[in-house]
There are 2 protein chains.
Amino acid sequence: MATGTDNNRYRHQKQLAIRSAASVFAEKGFHGASTKDIAERMGIKQGSLYYYFKSKEEALGEVCLFGIEEYVLHMKKIATSDQPFESKLMATITSHLSSYRERNEALKVHNDERLYLPEDKRAKLKELGSSYRQQLEAIFEEGARTGALRNSIDCHFAAQAVIGMCNGWGDNIVRDPDLDLFDIIQKCTDLVLNGFVERRKKKRDGSEAVATENSQ
Amino acid sequence: MATGTDNNRYRHQKQLAIRSAASVFAEKGFHGASTKDIAERMGIKQGSLYYYFKSKEEALGEVCLFGIEEYVLHMKKIATSDQPFESKLMATITSHLSSYRERNEALKVHNDERLYLPEDKRAKLKELGSSYRQQLEAIFEEGARTGALRNSIDCHFAAQAVIGMCNGWGDNIVRDPDLDLFDIIQKCTDLVLNGFVERRKKKRDGSEAVATENSQ
DNA sequence: CCGAAATTCTATAGAACTATAGAAAATTGT
DNA sequence: ACAATTTTCTATAGTTCTATAGAATTTCGG
């Protein structure tokens, strides 16, 4: 049986099933994808897919979970580490954008298709997602507390804005594998910290200088 | 016939058809929506819908066009106006976010479902979309040229980042009609200009002061 | 109020899709 | 190599969907 024992073959094939489903869902959307598509990408026949998933909807649920789970764990590690604020922010953005490049399909499916799941199957995902946002908020709160950021900052807004921006880039990253990830990461971080307006910085000797942190 | 004459009834019903399609596509996605759903929302029977659209796909095309057309026109007006840079940026963000609130469904469909259209039907949309991005890029270029922004700025990056951030908020705005749009607009503009780091500003008298432009 | 044109309806062909059942094949432990 | 178990296959019932055809109804200018 396929119960949670350590059957190697099953685990391997189940992973393949989830990744095949992720791939097809990412490409065609949940409703646009057929179980036949998924099975074919996996190399089995349509009916056989039901050995791994009770239903197409359950497949979506597992893909979404797979897409966000590790990613949130990684976020938690960053948030609870003892790096300075700026490093945490950059690590967050790096994690977010790299996830798109490496595991892009399942994460994309989570972001774009999860609302086709019934309420009860979405509960766990909601939990993970808002845990993610809270971790990010906490990072901003820390930044404000330690004086790295203005103390007038709205941390909830900040978290949402960063997530939105990263997701926006995510779409581009998935579509265009030639994009320079590191370049985008740097520029995103710099934007969030400093904005685009020319910034004058106190130098050690007390004089002022233009801070050109990111000259292409 | 329904040819482009000034038939009032037809034009009215056609608008209704497009908005019904937009509504259903926004809710269920292109593939998740059926022509029956659309017809019912419009108040007619399934088969009658084909009087207005040659196919479901064509309906998607018209919804997407409807969703982005006016919006891009508005952007062009902003870009070619003679406001100062900061006003243009804020007007852009305002336009973007307000579009979501007012015409959210068709715009959401354009953003989320347009890639299910075949290449040829997407050509016009691509044109409009990249025209939009170019207008925004031009605004940033102007900002850099006039000294309002650092001259090291990557305008293509800037445009993409702002669009991504706005789209991210768009999803939230559609889902939660209680959000304070003006508040978000201000904070987004401030973020893009100044970032979250505490900023010191030359005051007229030459002394320095902390600029707290956005205190919740 | 008549006749033409526009709009909607009913009915259906034909295709595709999900999920299930039971047979067949492959794998594994002994 | 045998028997039990796991995995895949074939076949199909039952549903839903798109698109079309032709009939029926509504609208509207004169």
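Here is the naming used below: chain letters follow the sequence lines, and residue numbers restart at 1 for every chain.
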Show each protein N/O and nucleotides 9-15 of chain D N/O combination with a separation under 3.5 Å, one pair to a line.
from, atom 1, to, atom 2, distance (Å)
dC9(D), OP2, K45(A), N, 2.6
dC9(D), OP2, S48(A), OG, 3.0
dT10(D), OP2, K45(A), NZ, 3.4

Protein-nucleic acid N or O pairs under 3.5 Å, nucleotides 22-30 of chain C:
none

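Atom OH in Y51(B) sits about 16 Å away from atom C1' in dA23(D), given to the nearest Å. dT7(C) atom P lies 12 Å from atom CZ of R11(B), rounded to whole Å. Put simply, CD on E58(A) is 15 Å from P on dT18(C), counting in whole angstrom units. Between the P atom of dT20(C) and the CZ atom of F53(A) lies a distance of 15 Å, rounded to the nearest Å. Look at CD on E40(B): it is 15 Å from P on dT8(C), rounded to the nearest Å. For the pair K56(B) NZ and dA15(C) P, the computed distance is 18 Å after rounding to whole Å. As rounded to whole Å, 7 Å separates atom P of dC17(D) from atom CG of D37(B). As rounded to whole Å, 9 Å separates atom P of dT18(C) from atom CZ of F25(A).
As judged by a 4.0 angstrom heavy-atom cut-off over every strand, Y52(B) is placed among residues touching the sugar-phosphate backbone only. Counting any heavy atom pair closer than 4.0 Å across all strands shown, A59(B) reaches no nucleic acid atom. Heavy atoms of A33(A) sit under 4.0 angstrom from primed sugar atoms or phosphate atoms, though from no base atom.
For the pair R19(B) and E105(B), the salt-bridge criterion is not met [side-chain N within less than 4.0 Å of a carboxylate O]. Taking a cutoff of 4.0 Å between a charged side-chain nitrogen and a carboxylate oxygen, K187(A) and D183(A) qualify as a salt bridge. K88(A) has a carboxylate O that lies under 4.0 Å from a charged side-chain N of E142(A), or vice versa, which qualifies the two as a salt bridge. For the pair R133(A) and E137(A), the salt-bridge criterion is met [side-chain N within less than 4.0 Å of a carboxylate O].
Tested against E62(B), the residues R114(B), K56(B), K14(B), K54(B) include a single salt bridge (charged side-chain N to carboxylate O under 4.0 Å, His left out) partner, K14(B).
The side chain of Y10(B) approaches dT7(C) more closely than any other nucleotide in the set dT7(C), dT8(D), dT18(C).
Counting heavy atoms from C-beta outward, S95(A) and M75(A) have side chains that stay 4.5 Å or more apart. Proximity of R150(A) to D190(B): side-chain heavy atoms (C-beta onward) are separated by under 4.5 Å at one or more points. The shortest side-chain heavy-atom distance between Y10(A) and Y52(A) falls under the 4.5 Å cut-off.
Along DNA chain D, the nucleotide nearest to S55(B) and the one nearest to M42(A) differ in position, and the one closer to the 5' end is contacted by M42(A).
In terms of phosphate contacts, Y50(B) brings no side-chain nitrogen or oxygen within less than 4.0 Å of OP1 or OP2 of dT20(D).
In summary, the aromatic rings of F66(A) and H110(A) are positioned with their centroids too far apart to meet the 6.0 Å limit.
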